[in-house]
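Residue numbers start from 1 in every chain, and the chains themselves are labelled A, B, ... in the order their sequence lines are given, proteins ahead of strands.
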Amino acid sequence: MLGKLIVRRIGKKLIIGKIVEVEAYCKNDPASHAFRRRTNRNDVMFWEGGCLYVYFTYGMYFCANVVTGKEGSGEAVLIRAVEPLAGIEVMTKNRFSNLKSYNHQSLINLTNGPAKFCESFGISRKENGLDLLDSEIIIIEGETIPSKMVKRSSRIGIQQGLEKKWRFFVKDNTWVSK
DNA sequence: ACCATGATCCGCT
DNA sequence: GCGGATCATGGTT
């Protein structure tokens, strides 16, 4: 998924981001929402791959995954960061409703984390379950990232499953979260 | 019913 | 580096 473009259409406007940081989750994985059982909350994660699984967390944030497995398998890839390519103005409005002037830091701060990405793309409950091949949000081919530019580490913000190096990111990209 | 927790972010120190 | 915000979820009682 690294290097692919996530595109959101809002009316006539397009928001585009290049995916630069992701994490993988699956059913046999104590860090995963799919670990225990299929519930109303994680149901979309068990759908056939190609749709968007959005969840609400910490009482105020949303995060988005691309579902990647067969129906029932419970596999998904969390989008942790994207590089903004188009629709900066809309993203800025979504994220900082009263920001007057852009600067370097505000551009980075737009999408350098999973909940920041969702906020700038306007992704919340309504987008849960969307078909990424044919809806207002799609994923298309983008840049091919050379394998030597792909780095991996433990996943962020979890307690179990730290031995799995399932976080993947583009080396030296500015938008990769800290 | 109850309650601890969380795939986070932000502001302050 | 640390704690607070803020609440849906799900495991436990």
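Taking a cutoff of 4.0 Å between a charged side-chain nitrogen and a carboxylate oxygen, A:Glu75 and A:Lys27 do not qualify as a salt bridge.
Of the N and O atoms on the side chains of A:Arg95 and A:Ser120, not one donor lies less than 3.5 Å from an acceptor on the other residue.
Judged by centroid separation below 5.5 Å and plane tilt below 30°, A:Tyr55 does not stack onto the base of B:dA7. The ring of A:Tyr58 lies on top of the base of B:dT8, close enough and flat enough: under 5.5 Å between centres, under 30° between planes.
With both ends at atom P, the span from B:dT5 to C:dG3 equals 16 Å, rounded to whole Å.
Residue A:Tyr53 contributes atom OH, which lies 12 Å from atom C1' of C:dA8 at whole-angstrom precision. Rounded to whole Å, the distance from CD1 on A:Ile123 to C1' on B:dT8 is 16 Å. Rounded to an integer number of Å, the gap from CD of A:Glu75 to C1' of B:dA7 is 16 Å. Remark: C1' of C:dG10 and CE of A:Met45 are 16 Å apart, rounded to the nearest angstrom. Summarising the geometry, the separation between CZ on A:Phe56 and P on C:dG10 is reported as 13 Å, rounded to the nearest angstrom. Atoms CG (A:Asn112) and P (B:dC10) sit 8 Å apart, rounded to a whole Å. Rounded to an integer number of Å, the gap from CZ of A:Phe62 to P of C:dT6 is 15 Å. The interatomic distance linking A:Met60 (CE) with B:dC10 (P) rounds to 11 Å, in whole Å.
Taking a pair as Watson-Crick or G-U wobble with both distances under 3.5 Å, the runs of three or more consecutive pairs in DNA chain B are B:1-6 with C:7-12, B:8-12 with C:1-5.
For A:Glu141, the CD atom counts as loosely surrounded, since its 6.0 Å shell holds 12 or fewer non-hydrogen atoms of other residues, nucleotides or ligands.
A heavy atom lying under 4.0 Å from DNA chain C marks the following residues of residues 29-41 of chain A, by number: A:Arg36, A:Arg37, A:Thr39, A:Arg41. Non-hydrogen atoms lying under 4.0 Å from DNA chain C are contributed by nothing in residues 151-178 of chain A.
For the pair A:Arg125 and A:Phe56, the cation sits on the ring face: its NZ or CZ lies under 6.0 Å from the ring centre, inside 45° of the axis.
For the pair A:Leu5/A:Lys18, a side-chain contact is recorded, criterion being any heavy-atom separation below 4.5 Å from C-beta on. Proximity of A:Arg167 to A:Ser177: side-chain heavy atoms (C-beta onward) are separated by under 4.5 Å at one or more points.
Here B:dC10 is the nucleotide among C:dT9, B:dC10, B:dA7 with the atom lying nearest to any side-chain atom of A:Asn109.
Ring planes of A:Tyr53 and A:His33: perpendicular class, angle over 60° (limits at 30 and 60°).
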Practice item. Check the pair A:Met45 / A:Asn65 against side-chain contact (heavy atoms from CB on, under 4.5 Å), numbers first and verdict last. Key: CA-CA 8 Å; A:Met45 193 167 168; A:Asn65 297 248; 5.6 Å; no
Exercise for review: For the pair A:Ile139 and A:Ile19, evaluate side-chain contact (heavy atoms from CB on, under 4.5 Å) and give the outcome as yes or no after the intermediate values.
Suggested key: CA-CA 10 Å; A:Ile139 290 186; A:Ile19 298 169; 4.3 Å; yes
Review point. Please walk me through it: do A:Phe168 and A:Ile145 pass side-chain contact (heavy atoms from CB on, under 4.5 Å)?
Key: CA-CA 12 Å; A:Phe168 300 86; A:Ile145 310 294; over 6 Å; no
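Using a distance-only test at 3.5 Å, with no hydrogens or angles considered, a donor-acceptor pair links the side chain of A:Asn42 to the main chain of A:Thr39. With A:Glu127 contributing its side chain and A:Leu52 its backbone, the two residues share no donor-acceptor pair below 3.5 Å.
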